[in-house]
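So you know, we letter chains A, B, ... as the sequences are listed, proteins then strands, and number each from 1.
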Amino acid sequence: MIRDQLISALRTGLEVLGVSPVPDTIEIERPARREHGDWSSNVALSTAKRAGRNPRELAAELVTKLEEARLPHVEKIEIAGPGFVNFHLADTHLYELVREVVAQRRDFASSDVGSGTHINVEFVSANPTGPLHAGHARGAVVGDNIANLLEKTGHEVTREFYVNDRGVQMQYFADSLRARKAGQEPPEDGYHGQYIIDWATHLPDDVDALEWGYAHAKADQSEVLGRLGVEFERWSSERRIVDSGKVTDALDRLDASGHTFTEEGAKWLRTTEFGDDKDRVLVKSDGSYTYLTPDIGYHDDKFDRADQLINIWGADHHGYINRMKAAMSFLGHDPDDLEIIVTQLVKLVRNGEEVQLSKRTGDIIELRDIIDEIGPDATRFTYSLQSVDSRQTFDLALAASQGMDNPVYYVQMAHARLCGVQRNAAEAGIELQPVASVDLTQLTHERELELLRQLSELPDIVQIAAADRAPHRITTWLRDFAGSVHGFYHDCYVVGDGISPELTQARLALCDAAKVGLQVGLDLIGVTAPESM
RNA sequence: GCCCCCGUAGCUCAGUCCGGAUUAGAGCAACGGGCUUCUAUCCCGUCGGUCGCAGGUUCGAAUCCUGUCGGGGGCACCA
């Protein structure tokens, strides 16, 4: 790739000039302004001081060396500002891109940087005591998107759902079902939602309410996730973790590590040694486990199956990060291999008015209702739009609208339009030439070049998005790229009077490449790329 | 009290991790243009910001550091 060629040329240039030390990593970036070229490097600025040189003079010498290297596609190298080295590329690199993209199809922008690394991504992990609600949606979408990005960058990935199928919540759930079936109010600590009443009417007389409810909830959750395109490779049961001896094994090893102690009849873990506010109970004075304990055994188990763990947690679980990392550290794992991604809460509004999510009153917004209202694509796109660090405001009315204020349609429309052009060409009896024999130098319109420049950035964007666990960067790119597609579509007719057959062929190849870009991006966030709308 | 996230245009948000280019971006909203060729769910333009505030570091700060104000979340022998 051109980027790598430029970087290594810069490195060689610095070495030849005797700059010492040459930085370990040399970065080049896309300048914000077109006049500053296609790629820009600040190495002259960043190394000049240590080398005792004047930045602009160093840059000048560097440029001389780079020009001597006669790099492919490089048209012009300039020094600008305080000492930036700017590369201007010939359009030929964009034509090469079209051929690459068309040949690679959905593999475009893939890489193998993660090959050999197995990452386990655990997300959703809702209690099997009811349907998924709006609060679970962001984690579901973000987790699947991150898994997609990791796969795209060559990692082996396991999507995993942890089922808390033991403990008091399950009892409350079963008690609530039984009460409703008998026409009574659920217990105070029980579940009061409308769905309990509905489910109870289907509860047979001769079955264990807990097991029946468990199966029902799990099937319900799985079905809704499936509608969002979220499929888990593995559902891990808390019961099985406990029954397998994993938890007692982990407890024994924690004891052996010397990081536990007994006080007031309970067993504690010294998480304060890891920066926690206070030590945490592992085994209560009545002999039962706290929530944390099976979870420790579970994470230990995951480490047996993967190199790195990623957990997607809601902001309300932020307090658990330190204690889980402490436990993993005490068990001999590298705490940095357990990565916790915290998603901020989502404020659901409808026409600017907040929708309340109170579990206590049973007035929950089910994820199913959101999908019914706005569709799976708009749901995924909207949850993919923003950084997980920001508290998202999700306006259902906006996401449901099919107008221009809804970016999902804007992006999908771009894809549908490109398909439309291809259909149109086919109907006009135009025979597609293999891209190798197409004269791509016909592509000289600024709309065409801009579209290709943006397309050429996708591989970098994928790398960054994967490394930063930031799928919203894909969505942002898609929006911008769709804008370029619409601009091209508007100004550059593919078939028609005054369009030469050569130009038609070149533009058809460009349409094909642009379609691939949209497909790749939409795949990563789990949104469909429709042929027509 | 302690910990985490956020504060950028009227609104919703990118950009901040890893500092750069005397014009900080996008969409929506507002206003004004554009359909005799695949095309109006679209395209073009205008308006709009002391990047919460105050210091500091730097040749250079929305970006790094400190403090401060405002909003959200969390601080259980609950899950």
Same-atom distance ([atom1]) from [N] to [M], integer angstrom:
| N | M | atom1 | result |
| --- | --- | --- | --- |
| B:rA21 | B:rG60 | P | 14 Å |
| B:rA29 | B:rC42 | P | 10 Å |
| B:rC4 | B:rC13 | P | 23 Å |
| B:rA24 | B:rG49 | C1' | 9 Å |
| B:rG1 | B:rA62 | C1' | 31 Å |
| B:rC6 | B:rC51 | C1' | 14 Å |
| B:rC53 | B:rU58 | P | 23 Å |

Can a side chain N or O of [X] be found less than 4.0 Å away from OP1 or OP2 on [N]?
| X | N | value |
| --- | --- | --- |
| A:R473 | B:rG15 | yes |
| A:K347 | B:rG71 | no |
| A:Y410 | B:rC43 | yes |
| A:Q344 | B:rC6 | no |
| A:T393 | B:rC13 | yes |
| A:R30 | B:rG20 | no |

Problem - Side-chain (A:R473) to main-chain (A:R469) donor-acceptor, under 3.5 angstrom - result: no

What does [X] touch in the nucleic acid at a heavy-atom separation under 4.0 angstrom: a base, only the sugar-phosphate, or nothing?
| X | result |
| --- | --- |
| A:H472 | sugar-phosphate |
| A:R423 | nothing |
| A:H318 | base |
| A:K278 | sugar-phosphate |
| A:G167 | nothing |
| A:D295 | nothing |
| A:D277 | sugar-phosphate |
| A:R447 | sugar-phosphate |

Can you list everything that forms a ring pair (Phe, Tyr, Trp, His ring centres under 6.0 Å) with [X]? Sequence neighbours excluded, please.
| X | answer |
| --- | --- |
| A:Y214 | none |
| A:F394 | A:Y383 |
| A:F161 | A:F232, A:W235 |

Practice task
If the plane angle is over 60° it's perpendicular, under 30° parallel, otherwise tilted; pick one for A:Y410 and A:H486.
Solution key: tilted

Handout entry: Whether A:W313 and A:H299 hold their rings parallel, tilted or perpendicular, with breakpoints at 30° and 60°
Key = perpendicular

Handout entry: Side-chain donor-acceptor contact under 3.5 Å, A:N311 with A:H317
Key = no

Exercise for the section: Kindly indicate whether a cation-pi arrangement holds for A:R280 with A:W268, taking the cut-offs as under 6.0 Å to the six-membered ring centre and within 45° of the axis. Expected result: no

Exercise for the section: Report yes if a donor N or O on one partner sits less than 3.5 Å from an acceptor N or O on the other, where the partners are the side chain of A:S285 and the base of B:rC77; otherwise report no. Expected result: yes

Practice task
Look at the side chain of A:S40 against the base of B:rA21 and say whether a donor-acceptor pair falls under 3.5 Å; ignore hydrogens and angles.
Solution key: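 For A:S40, whose side chain was compared with the base of B:rA21, there is a donor-acceptor pair (under 3.5 Å).
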
Practice task
Name all residues meeting the salt bridge (charged side-chain N to carboxylate O under 4.0 Å, His left out) criterion together with A:D220; count only those two or more places apart in sequence or in a different chain, and write none if there are none.
Solution key: A:R368

Under 3.5 Å, which protein N or O atoms sit close to an N or O of nucleotides 35-38 of chain B? Give each pair with its distance.
from   : atom 1 : to     : atom 2 : distance (Å)
B:rC38 : O2'    : A:N424 : ND2    : 3.2
B:rC38 : N3     : A:V494 : N      : 3.0
B:rC38 : N4     : A:C492 : O      : 2.7
B:rC38 : N4     : A:Y493 : N      : 2.8
B:rC38 : N4     : A:V494 : N      : 3.2

Problem - Atom-to-atom span, CG of A:D395 to P of B:rU12 - whole angstrom - result: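 The distance from CG of A:D395 to P of B:rU12 comes to 10 Å, rounded to the nearest Å.
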
Among [options], the nucleotide that comes nearest once only the side chain of [X] is considered:
| X | options | answer |
| --- | --- | --- |
| A:D316 | B:rC42, B:rC78, B:rG73 | B:rG73 |
| A:D389 | B:rG73, B:rC5, B:rA14 | B:rC5 |
| A:D480 | B:rA26, B:rC77, B:rA14 | B:rA26 |
| A:F84 | B:rA14, B:rA21, B:rG72 | B:rA21 |

Handout entry: Salt bridge A:E264-A:K284, side-chain N to carboxylate O under 4.0 Å
Key = no

Problem - Stem regions touching RNA chain B, defined by at least 3 consecutive Watson-Crick or wobble G-U pairs below 3.5 angstrom - result: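 Runs of three or more consecutive pairs: B:1-7 with B:69-75, B:10-13 with B:25-28, B:30-34 with B:42-46, B:52-56 with B:64-68.
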
Problem - Non-hydrogen atoms of A:N145 and A:S384 that approach each other most closely - result: ND2-OG, 2.9 Å

Problem - Pairwise distance CG(A:N424) to CZ(A:R417) - rounded to 0.5 angstrom - result: 13.0 Å

Exercise for the section: Assign each of A:A80 and A:S288 to its nearest nucleotide of RNA chain B by heavy atoms, then name whichever residue's nucleotide is nearer the 5' end. Expected result: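 Mapping each residue to its closest nucleotide by heavy atoms, the 5'-most match is A:A80.
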
